[in-house]
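Let me begin by presenting the structure, written as structure tokens, before commenting on it.
All ligand and atom numbering here is 1-based and tracks the order in the structure. From a predicted model like this one, the values you see are computed outputs, not experimental measurements.
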Amino acid sequence: MNFVSTRRLVKPLTASEAILKGLADDGGLYVPEEFPSLAHLNINNISNYPEMAFEVLAPFFDKDKFLKTDDVAEICMDAFNFPVPLVQNNGKETTLELFHGPTAAFKDFGARFLASTMEKLIEKQNRKLTILVATSGDTGGAVAAAFHGKKGINVKVLYPKGRVSQRQQKQLTVWGDNISAYEVDGTFDDCQKMVKDAFMDKELSEKWGLSSANSINLGRLLPQSVYYVYSSYLYKQLYGENPNFIIPSGNVGNSCGAYWAFTMGSPIESISLAVNANRTIPDYIESGKYEPRQSIATLANAMDVGAPSNMERLFDLYSDIDVFRDFVKSWSVDDETIKRTIKETYDMEKYIICPHTACAERVRKDHFEGKPSIVVSTAHPAKFETIVEPLIKTTVEVPENLKVLLNKESNFISVGTDYHDIF
Ligand SMILES: *Cc1c(COP(=O)(O)O)cnc(C)c1O
């Protein structure tokens with residue numbers, strides 16, 4: 001199977017080539033040339049997540065030069081070693097908890113699949129890699145955790161001093177071994193600029209084998225379609241109907257996975273994107289004019305995106321605005337409503353949700369009440385305890401996976417804003 005750039009100006013690549021490449025040379029994002037059908041799926045086996053992941057993902061690696069069927073199976077077993085529960089809240093209203101991985105957010109799925117895939121690829125090609133990530137919080141933690149101990153790969157994580165939460169900093173700095181954390185005396189933009197400058201320095205980039213693990217990488221997108229296939233079939237089996245998905249969205253990588261699952265033939269009724277006060281997508285649906293903009297800060301900070309990078313992939317599926325409107329629903333939820341929803345959901349259902357998940361829960365309560373629905377829960381509420389606990393007036397229990405991290409010792413190197421400081 002081949003992957004083409006959304007801009008169609010470079011030649012198609014296989015999955016492993018596209019994963020090592022990241023962004024296409026024409027500035028586009030890699031998407032499947034065609035989508036495999038799920039007709040072959042053995043849906044009696046849907047309780048076994050890694051096996052289901054293999055069934056869904058193997059066709060994308062068909063005829064791949066480097067990764068064979070057995071490799072894909074091993075990658076799935078290695079990457080998806082934690083539970084993916086679909087919990088019932090109320091009648092046909094359910095929640096898909098994607099926060100049981102090592103850093104308690106859904107980014108573990110993409111980061112772990114990417115890490116296992118890259119480790120296998122560079123072993124076969126006998127080379128070494130250095131992954132550079134600038135992070136304002138969650139992505140860096142998931143990437144650091146996923147690549148820790150991977151052979152032949154070093155990771156350099158850059159984060160802005162004093163601008164990540166205590167718990168986030170822990171997730172970036174406890175690893176050691178092949179993971180180095182750099183505390184930059186500057187802003188997130190400075191961190192991003194250092195990464196960009198390093199990539200532009202061709203000599204240095206070649207010498208270190210620089211690569212990125214950011215959210216536009218195909219290796220993060222593909223595994224994010226698996227849990228939509230998995231949970232929609234499971235939902236149908238349990239409730240006899242196709243679910244309406246409601247997804248907390250920022251860069252739209254997670255929801256893009258849902259559209260790919262739908263395109264492959266998963267039993268999905270509809271897909272809705274819940275955004276915070278960053279209204280780029282609902283405004284586009286309303287006006288028909290796409291206007292990316294600066295982001296604004298909200299309580300659901302992992303979704304503070306004004307120019308969603310994966311929109312280019314959605315436009316590739318639905319280029320016509322009327323078709324886009326048929327398939328993409330979107331609502332914006334402001335901070336006051338996020339707070340009210342966290343409180344209401346706890347008071348009425350004794351279920352604790354994070355600020356991101358609260359955006360989706362609001363959309364359900366307002367637009368899908370009593371209908372077959374799956375709210376996608378993107379992070380454990382214990383990661384955002386300073387917001388959640390005052391609202392529900394009780395403490396959020398820290399899950400085992402996070403506790404393990406929080407008890408380890410931090411190590412980081414303080415640097416200025418010159419990229420030479422990290423090499
Ligand atoms: C990254 C993130 C999101 C947004 O996901 P996108 O793929 O960027 O749309 C939502 N919630 C949490 C907790 C996240 O970390």
Side-chain angles (χ1 to χ4, degrees), residues 29 95-114 133-146 164-165 167-168 171-172 188 213-228 245-261 271-282 292 295 298-314 328 330-333 338 342 352-363 375-385 387-388 399 402:
L29 311 183
T95 299
L96 181 65
E97 293 183 349
L98 298 180
F99 53 69
H100 295 277
T103 68
F106 86 91
K107 291 193 173 70
D108 286 326
F109 286 84
R112 288 182 64 78
F113 184 81
L114 181 67
V133 241
T135 187
S136 53
D138 275 346
T139 303
V143 168
V164 300
S165 77
R167 285 187 181 176
Q168 280 175 330
Q171 297 188 343
L172 300 170
F188 174 57
N214 62 24
S215 75
I216 51 91
N217 192 300
L218 181 69
R220 287 181 55 175
L221 247 293
L222 286 175
Q224 287 172 188
S225 66
V226 174
Y227 43 77
Y228 291 101
F245 277 101
I246 311 161
I247 308 168
S249 299
N251 265 322
V252 201
N254 192 5
S255 26
C256 187
Y259 284 101
W260 288 8
I271 299 168
S272 294
L273 279 46
V275 301
N276 57 26
N278 289 277
R279 300 190 40 100
T280 307
I281 299 168
S295 66
T298 76
L299 293 174
N301 64 1
M303 291 156 49
D304 290 347
V305 178
S309 50
N310 281 294
M311 274 305 271
E312 196 159 330
R313 283 186 165 117
L314 286 197
V328 186
S330 185
W331 285 277
S332 158
V333 178
I338 287 174
I342 292 172
I352 307 176
I353 52 178
C354 83
H356 310 82
T357 307
C359 294
E361 187 58 43
R362 187 74 254 155
V363 169
V375 156
V376 175
S377 182
T378 50
H380 194 288
K383 292 189 88 165
F384 302 92
E385 85 286 4
I387 299 168
V388 173
L402 269 190

Nearest protein heavy atom with distance in Å, relative to [atom]:
atom: atom 10 (C) of ligand 1; answer: M303 CG, 3.5 Å
atom: atom 11 (N) of ligand 1; answer: T378 OG1, 2.8 Å
atom: atom 8 (O) of ligand 1; answer: N251 N, 2.8 Å
atom: atom 4 (C) of ligand 1; answer: G250 N, 3.7 Å

Taking [X] for its side chain and [Y] for its backbone only, find out whether a donor-acceptor pair lies under 3.5 Å.
X: T280; Y: A307; value: no
X: R313; Y: I216; value: yes
X: S165; Y: Q168; value: yes
X: N276; Y: A300; value: yes
X: R167; Y: A382; value: yes
X: Q224; Y: G253; value: yes
X: N278; Y: D304; value: no

Which value, rounded to the nearest 0.5 Å, describes the distance between I247 atom CD1 and C256 atom SG?
->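 If we round to the nearest 0.5 Å, I247:CD1 and C256:SG are 10.0 Å apart.
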Provide the number and element of each atom of ligand 1 under 4.0 Å from a heavy atom of [X].
X: A379; value: 13 (C)
X: N254; value: 7 (O)
X: A302; value: 1 (C), 2 (C), 3 (C), 4 (C), 12 (C), 14 (C), 15 (O)

Please verify whether a non-hydrogen atom of F106 lies at under 4.0 Å from ligand 1.
-> yes
Check this for me - ligand 1, [X], N or O atoms closer than 3.5 angstrom, yes or no?
X: G253; answer: yes
X: S255; answer: no
X: H356; answer: no
X: K107; answer: yes
X: S249; answer: no

Flag for R220-N217: side-chain donor and acceptor within less than 3.5 Å | no
